[in-house]
Structures are given as C-alpha cells and as structure tokens.
Amino acid sequence: MNRVNALFGIKYPIIQAGMIWCSGWELASAVSNAGGLGILGAGSMYPHILDEQLNKCKAATDKPFGVNLPLLYPDIDKHIETIIRHKVPVVITSAGNPKTWTSILKNEGIKVIHVVSSAKFALKSQDAGVDAVVAEGFEAGGHNGREETTTLCLIPLVKEAVQIPVIAAGGIGTGRAMVAAMALGADGVQIGSRFVATPESSAHQSFKDRVVQANEGDTLLTLKELTPVRLLKNSFFNEVMAAYERDASKEELEQILGRGRAKKGMFEGDLENGELEIGQVSALIKSMKPAAAVVEEIITEYNQIRRELNHNNYEF
Ligand code: NDP
C-alpha cells in the first residue's frame, strides 16, 4: 500500500495545502470526502475561528483531515490547545523549528508533517520525529525557500536524505505532474493552487477568477529579505519592485508590505493593492471546478499517464 495512504488512512495520496484565507472547512471537508486529505489553513484564523472551523469540518466529514499551522503564528499556544482538544488527526507545521511542537503533538496521537524547502531541513525534521515531510519547490505559491530549488531537483535530494514518506509540493496541479513527482521519489503530493479555483475555497471570487486567468510568467518570488513569497504581479508587486530599484532598506520593504496584505488580496478581493499568493501552476488552471472533480480529474489523469508510460515501455 502507498505509504502516505497508509499513514493517514486516506484513499488517494493527495494532500490539499492549508493556504491562508483560502482553506476553510468547506474546502477541507470536500477534499477529505473525495478521498484526499483536506487541510484547514490556521495561519489566517484567530483562535476562536479555528475552533468554529473545526466544529464545522467535523460535522461535514467523517474522514481524516488536518490543520496547517505556520509556527510563527502569534497565538500558537492557543491553536495547539484547540488542535489537541479537537483531536485533529494530522497537523502540517511550517515556517519554524519542527523540534518545538512535534513531540507534544505526537504524544496526543496526532500525526505531524513538516514543510521543508531543502534536504537539510528534511533531515532535521526527521530527527525531530515527524511522520512525513512536505518538500516544497520553487514553483509553489505563498511562502517559499530562499534557495530557489525547483521541485524537480528538491524531491530526489530529499528522498535521498530521509527514510520517512516524502510529499512533493510546488508546481503540481495535474495527474501528469503527480506521476512526475512520484517518479522523482515522492510518496504523495501536496496541491494548493488548483484547489483555490474551486467553489469550496474561501478565497474571494475575484481572486479565484484572477487565478483562472493567470498566464505563464504572471507570478514571481519576491521579498526574500522578509519572508520569500510567490505572488501574482499587480500594483502592490510593482511598488515592491520600485522599492528594489531605489535600493530600499528592509525596514522600508516591511513598511510597504504593512499588515493584512494577504487578507486584502485573497479574502477581500483587492486585486491591485493586496498580496495575491499563488503558484506557477496557475498558468495551467483554466476553469473553476468543485474540489471533488479536481481530485477525480487528477487521479484519472495519473492512472492514464501511468498506463501510457507502461504501454510505450521506453527502455534504452
Ligand atoms: P500579517 O501580519 O500581514 O497579518 C495578520 C493577518 O492574520 C491579519 O489579516 C489578521 O486578520 C490575521 N490573524 C489571524 N489570527 C491572528 C492573530 N492571532 N493575531 C494577529 N492576526 C491574526 O500576516 P500575513 O497575512 O502575511 O500572514 C498571516 C499568517 O499566515 C502568518 O502566520 C504567516 O506565517 C502565514 N502565512 C503562510 C503562508 C504560507 O505559504 N504557508 C503564506 C503567507 C502567510 P485581521 O486583519 O482580521 O486582524
């Protein structure tokens, strides 16, 4: 049996990324009901909101689901308490040291995955006792590694470094890409951007429409001095570029970013002044689709491509 399916008790090794402002209970429960692992994005939820979202998610699915928790979240103790009280089956931690919370969560019977962008951090995560790592390449939307390692290079590097299951992320939104990730050594995939363009995602409709319209080259990774982030080009992005042109200081960049930019863009639909975090794969997303249809389409294409590869039987 596939190691990711066995670890989390799911049908397909498709983990939905817990994206801030986009991943509420409707998306998480829909993905879990479709056979993947749905994830609530707790980074943009106040503690009482996470509590409410967990109640709704548990009412909407009896399948396993998880919570994504950025470790730099300001009220992390409260989120941890809520997660333990709700007996959340899986937690995906990111942006921080996996040593801090892994054993506390695991002692409560919670499976822990940590997100990494290098083999070095994958090894550290394994040493910290996590059950699996998400290895996220340069193509991914939102927060990202500074080294710009692409998914194509990152997955084999991480695979060689650790024995625990590896979940590939960054640039994956189709069954074809899932086959490629598995060929590189992944045991499963984490998919974010493709699930933004679904009716169940909590993102603003204008942001969803912008994602569907996105073309090749519309996203760039920037703000490495703060937290590197991949986003769609817009007025806010141009403001950041102008700041780089005049050699702006880190403090000036911080000021331009301000607070709540991601909410403004992705949740409130301000396409010009907000931060629009999405992956390079947005160029391949051509329509809105229910989350279950996304999962089905990816699995159907995955099986078809596998069959084609077997049939062609290239051996050199
Ligand atoms: P900002 O500091 O710009 O804004 C904080 C936002 O989070 C506000 O919109 C606020 O809502 C909301 N929020 C939710 N809970 C709290 C809380 N306990 N205290 C303060 N604000 C809270 O941060 P960002 O929007 O850039 O990022 C928010 C979180 O998401 C961070 O933890 C960050 O690490 C994570 N993140 C993760 C990404 C990823 O790729 N994994 C990408 C981007 C961010 P309100 O405006 O209603 O007060």
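Numbering of ligands and ligand atoms starts at 1, following listing order.
When hydrogens are left out, the protein atom nearest atom 1 (P) of ligand 1 is Gly260 N, 3.8 Å; that is the closest non-hydrogen contact. Counting protein heavy atoms only, atom 19 (N) of ligand 1 is closest to Pro74 CG, 3.5 Å. Of all protein heavy atoms, the one closest to atom 43 (C) of ligand 1 is His143 NE2, 3.1 Å. Among all non-hydrogen protein atoms, the one lying nearest atom 27 (O) of ligand 1 is Ile20 CD1, 4.1 Å. Among protein heavy atoms, atom 9 (O) of ligand 1 sits closest to Trp21 CZ2, 3.4 Å. Here the protein heavy atom with the shortest distance to atom 17 (C) of ligand 1 is Tyr46 CE2, 3.4 Å. Protein heavy atom in closest approach to atom 34 (O) of ligand 1: Leu72 CD1, 2.6 Å.
Inclusion of Ser94 in the set of residues having an N or O under 3.5 Å from an N or O of ligand 1 is not warranted. The shortest N or O to N or O distance between Tyr73 and ligand 1 is under 3.5 Å. Checking only distances, Glu275 never comes within under 3.5 Å of ligand 1, N or O to N or O. Close N/O approach between Asp75 and ligand 1 is found [any backbone or side-chain N/O within under 3.5 Å]. Residue contacts with ligand 1: Asn68 is placed with no nitrogen or oxygen under 3.5 Å of a nitrogen or oxygen of the ligand (distance criterion only). Residue contacts with ligand 1: Ser44 is placed with no nitrogen or oxygen under 3.5 Å of a nitrogen or oxygen of the ligand (distance criterion only).
Under a 4.0 Å N-O distance rule, the pair Glu147/Lys224 does not qualify as a salt bridge. Salt bridge annotation for Arg246-Glu252: present, with a cationic side-chain nitrogen under 4.0 angstrom from a carboxylate oxygen. In this structure, Arg3 pairs ionically with Asp187, as a charged nitrogen and a carboxylate oxygen lie closer than 4.0 Å. For the pair Asp127 and Lys99, the salt-bridge criterion is not met [side-chain N within less than 4.0 Å of a carboxylate O]. Under the 4.0 Å criterion applied to side-chain N and carboxylate O atoms, Asp218 and Arg210 are assigned as salt-bridge partners. Salt-bridge formation is not detected for the pair Lys264/Glu275: no Lys NZ or Arg NE/NH1/NH2 atom is positioned less than 4.0 Å from an Asp or Glu carboxylate oxygen.
The distance from ligand 1 to the heavy atoms of Met45 drops below 4.0 Å at these ligand atoms: 14 (C), 15 (N). Remark: ligand 1 atoms within the under-4.0 Å shell around heavy atoms of Ala262 are 25 (O). For ligand 1 and Pro70, the ligand atoms under 4.0 Å from any heavy atom of the residue are 32 (O), 34 (O), 35 (C). Residue contact check: Gly43 has heavy atoms under 4.0 Å from atoms 28 (C), 29 (C), 30 (O) of ligand 1. Applying the 4.0 Å criterion to heavy atoms of Glu277 picks out, from ligand 1, the atoms 42 (C), 43 (C).
Side-chain atoms of Tyr46 and Glu52 form no donor-acceptor pair, as typed in the model, at a separation below 3.5 Å. For Asn33 and Thr61, the side-chain atoms include at least one donor-acceptor pair closer than 3.5 Å. A side-chain N or O of Glu308 and one of Gln304 form a donor-acceptor pair less than 3.5 Å apart.
Contacts between Arg259 and ligand 1, counted as non-hydrogen atom pairs separated by less than 4.0 Å, involve both the backbone and the side chain.
To the nearest 0.5 Å, atoms OG (Ser282) and CG (Leu232) are separated by 5.5 Å. The line from CG of Leu54 to NE2 of His86 is 5.0 Å long, rounded to the nearest 0.5 Å.
Within the 4.0 Å heavy-atom cutoff, Ala95 does not count among the residues contacting ligand 1.
Of the possible donor and acceptor atoms, one in the side chain of Gln53 sits under 3.5 Å from a partner among the backbone N and O of Trp25.
For atom 40 (O) of ligand 1, the nearest protein heavy atom is under 4.0 Å away. Distance check on atom 47 (O) of ligand 1: some protein heavy atom falls below the 4.0 Å cut-off.
Under the 4.5 Å side-chain heavy-atom criterion for ILVMFWY residues, no single connected hydrophobic cluster contains both Val281 and Leu154.
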